[in-house]
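Since the structure is predicted, the reported quantities are computational estimates derived from the model, not experimental observations.
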Amino acid sequence: MKKMSTLFALLVAFSLVLAACGSGGTAVQDEFSALAEFEGLKLDAGSCDYGGKVLSIEAVDELTVVFTLCKPDPAFEAKIAFTPFGIQPQEHLARTGGTGELLENPIGTGPYQVAEWDRGNQIVYTRFDDYWGEAGAASTVTLRWLTEGAARLQELQAGTADYVSNLSPSDYATVQNDPNLQILYHQNPNVFYIGFTNTASPYDDVDVRRAIALGIDYQRIVDNFYPDGSEVASHFTPCAIPNGCEGESWYEFDAEAGRALLAEAGYPDGFTTRLYYRDVFRVYLPEPARVATEIQAQLQENLGITVEVVPMESGEFIAASTSGELTDGMHLLGWGADYPHVTNFMDFHFGANNPQFGNAHAEIYGPLQEASSIADVATAAPLYAEANNMVKELVPLIPVAHGAAAHAALASLQGAYYPPFGAPQFNFLDNGTDSIVFVQNAEPISLDCADETDGESLTACQQVVETLLEYGKDSGATFPELATSCESNADSTVWTCHLRDGVKFHDGSDFDADDVVASWARGLDASNPYHVGNTGSFDYYGYLWDSFMNVPAE
Amino acid sequence: MTTNIEAVVPAPADALRSRSLAALTWRRLFKQRNAIVGMAILLFLTLVAIFAPLLAPYDPVQSLLGIETLKEREAPCIHILGCPEDKPQHIMGIDANYRDVFSRIIYGTRVSLFIGFSTIGMAVVVGAVIGAVSGYLGGWVDNLIMRLMDVVLAFPSFLLAIAIITVIGRGLQNALYAIAIVNIPVFARLVRASVLSIKEQEFVSASRALGASNLRLLFVRIFPNALPMLVVQATLSIAAAILEAAALSFLGLGAQPPTPEWGTMLGSERNQVFTAPHLVFFPGLAIMLTVLAFNLLGDGVRDAMDPRLAQVAKK
């Protein structure tokens, strides 16, 4: 009884102390309440029957998020460091409805915030003074775009740009010989390919696709239209990626065999078709118009196929080609690695849900699905060999080349670099003034990068929105960004990410675990009210995590 | 200042009667130095177009990769100007796809002349019929047709051509239609104006009194008298049509690769002005020469058909 009365007296005294402490006491009380009452958001698929990799994502406390996977994913850390999985405040997502203002005004935790996007002209960023990491040297960064490599180089030579991306191959020597400029080589693994959609004639016939694969002189394309260091693609995935080159090498050029196969398919005199492309510089395709014209000439000469080349506007081309709408012709596209794992090449392109090449082939995505849950490279190798062999057999696309690339900056720009994965961070660049101008080769499509796939949009977003982990400056290794660490359980199916404390968004709100869950839920859950974006396709969520949750029945 | 009295004073009536208008126009045309220069260039271009397969050393769309040892966008190699004999001669150089620029320029003549004549041909035929019917019938038909023509003329012709191509799709054939459509109102208005003045003349009234049908009056009595103005306008318009087609191709809306069209050639290499100037110089020169030829000829035809106008211009 005495003990009880003592305990009661202590509680009363503690309550009085809290009451007497005023605001300070209230804060402590709030903290206690928050700890006791935190009910974080949870995205839960309920089961793994929906076919995706993610079972649930839960904010277990303000600074801890737990990802529970349906099966082990050896590339989990590499994937979550990718810009489309950037975090925005849940309030901003709700306020914008997941589209509209969100497309041009993302709110992140990055070193720069968007001040103005003058469509067709430039994006102006201002430094975020409450940034948790290394603040940018320049208070203003201007991102501009010029389609032509020569025009970008002229900007650099004139001193009106500090950094230009994607040098034209013919400009390498000019930059190397100019003491006022520096050349920055880019080691990003990539592939340029010719894609087909197999739902319409004549590309629904595998023999036609094989004939075209035989009728292209790959070496001639690489030798004459690519810079030094580029190589003919022996496999779809570059050999620099572990397991990329398992299985048989691609077809050798053999026009005679191609013509014979085409004749067997019922086209002894060839046929008329189209070749779609976008006239935008890419590392994997430095001069699209020239290469398109060369392929047009080769197909006419080697196989008797008459090709009309059709350049398209970049955004329109990406939307049409990746959704499998270009059924009356082939399309020229490519891929630069987003993260250093073979799944980034193979799973994205040959996944069961990708409509780009028409009907997906179970012979390809079957082994890929099996391999994607195997962490050990050697154990997964036979499965990737099988998948690569089936790509060669079924020819959903024709891998042509792995391109080499370089960028350029003023020699006076300190910290200039180009990472193998992702884009350079503007806060590491310093030209000694308060303003930096970065010129890339195309305008971003939107700044809602959860729903974009093009490099120009991702470069623009990367300055604003941050991910849980980030890639290194000179490798694909991952380092802490918004998460201080991510640890897995023994079988790599449960990943616990501990979030950085004290991080603020550009709107002044605090970053916490609910923002992580809300951002991921928006991309991954098809029934989420903010799963709207620019096109609503959220490609990377669907492809890298195998499927969306709650996809409405057709 | 001296004036050419002979050109101003009309020839005696009996002499005029013995010559047709066409013969007289030809005679006057051959007295115009500018017109002769224009005709000479045009004759040269026509011969080049006709004999392109004989003149061009290479297939204009064939890549020379694997056939010769070349560099991309290689500068012209002319043996008599010091280019080594062991190197193949390419007098206008090599383009980005390893094709002979000279051969492409030669075949481009065919394309450009075809564009000029076909687009203006279409515009003349359609415009003349519309203008003649409008002017002859008058009333609400005239009002309706002319307001439609006014609407078309209200748009800058090049922008209208781009808009039409946006709707019907890019490509040389569609570019030809677009250019023809934007030129129709010019000829329609011209013919209508001529028909309005000619139909009131006595010889038309006389024919009507003798029982000539409307069709006969319009196309046998009136229309031939409107032809001279039409010819002058058409000649001048061909130059503009060639320029418009080149501009459309430059923008990627007209002729598509690998068609050897000068505007396309210019557009695809527009960023090589400093690194490979021959790739923009020769197509540009070809366009300039062709347009100059039609302009000189057009001016000459106009002066030949209306000597008084020529004198006014000279004064």
Undergrad: Considering non-hydrogen atoms only, spot the tightest contact between A:Asn224 and B:Tyr98 and give its length.
TA: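 Nearest pair, atom of A:Asn224 first, then B:Tyr98: O-OH, 2.9 Å.
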Undergrad: Counting heavy-atom pairs closer than 4.5 Å to chain B, which one of A:Glu294, A:Glu301, A:Gln298, A:Glu308 comes out on top?
TA: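 That would be A:Glu294.
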Undergrad: Out of B:Gln272, B:Arg73, B:Gln62, which one racks up the most heavy-atom pairs below 4.5 Å with chain A?
TA: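 That would be B:Arg73.
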Undergrad: Which atom pair, heavy atoms only, marks the closest approach of B:Pro257 to A:Gln296?
TA: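 Here B:Pro257 and A:Gln296 meet closest at O-NE2, 2.9 Å.
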Undergrad: If I measure from the heavy atoms of chain B, does A:Gln154 come under 4.5 Å with its side chain, its backbone, both, or neither?
TA: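 The side chain, not the backbone.
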Undergrad: Could you tell me whether B:Gln173 atom CD has more than 12 heavy atoms of other residues or ligands within 6.0 Å of it?
TA: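 Not buried by this count: 12 neighbours or fewer within 6.0 Å.
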Undergrad: For A:Glu252, look at atom CD and say whether over 12 heavy atoms of other residues, nucleotides or ligands are found less than 6.0 Å away.
TA: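 No - once you tally the heavy atoms of other residues, nucleotides and ligands closer than 6.0 Å, there are 12 at most.
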Undergrad: Would you name the heavy atoms of B:Arg170 and A:Pro311 that are closest together and state the gap between them?
TA: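 Result for this residue pair: NH2-O, 3.4 Å.
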Undergrad: Hey, is OH on B:Tyr177 packed in by over 12 heavy atoms from elsewhere, all under 6.0 Å?
TA: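 For B:Tyr177, atom OH is not crowded (no more than 12 foreign heavy atoms under 6.0 Å).
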Undergrad: Please say whether more than 12 non-hydrogen atoms of neighbouring residues, nucleotides or ligands are located less than 6.0 Å from CD1 in B:Ile80.
TA: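 For B:Ile80, atom CD1 is not crowded (no more than 12 foreign heavy atoms under 6.0 Å).
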Undergrad: Is the count of non-hydrogen atoms from other residues, nucleotides or ligands lying under 6.0 Å from B:Phe114 atom CZ greater than 12?
TA: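 Check fails, neighbour count at 12 or below.
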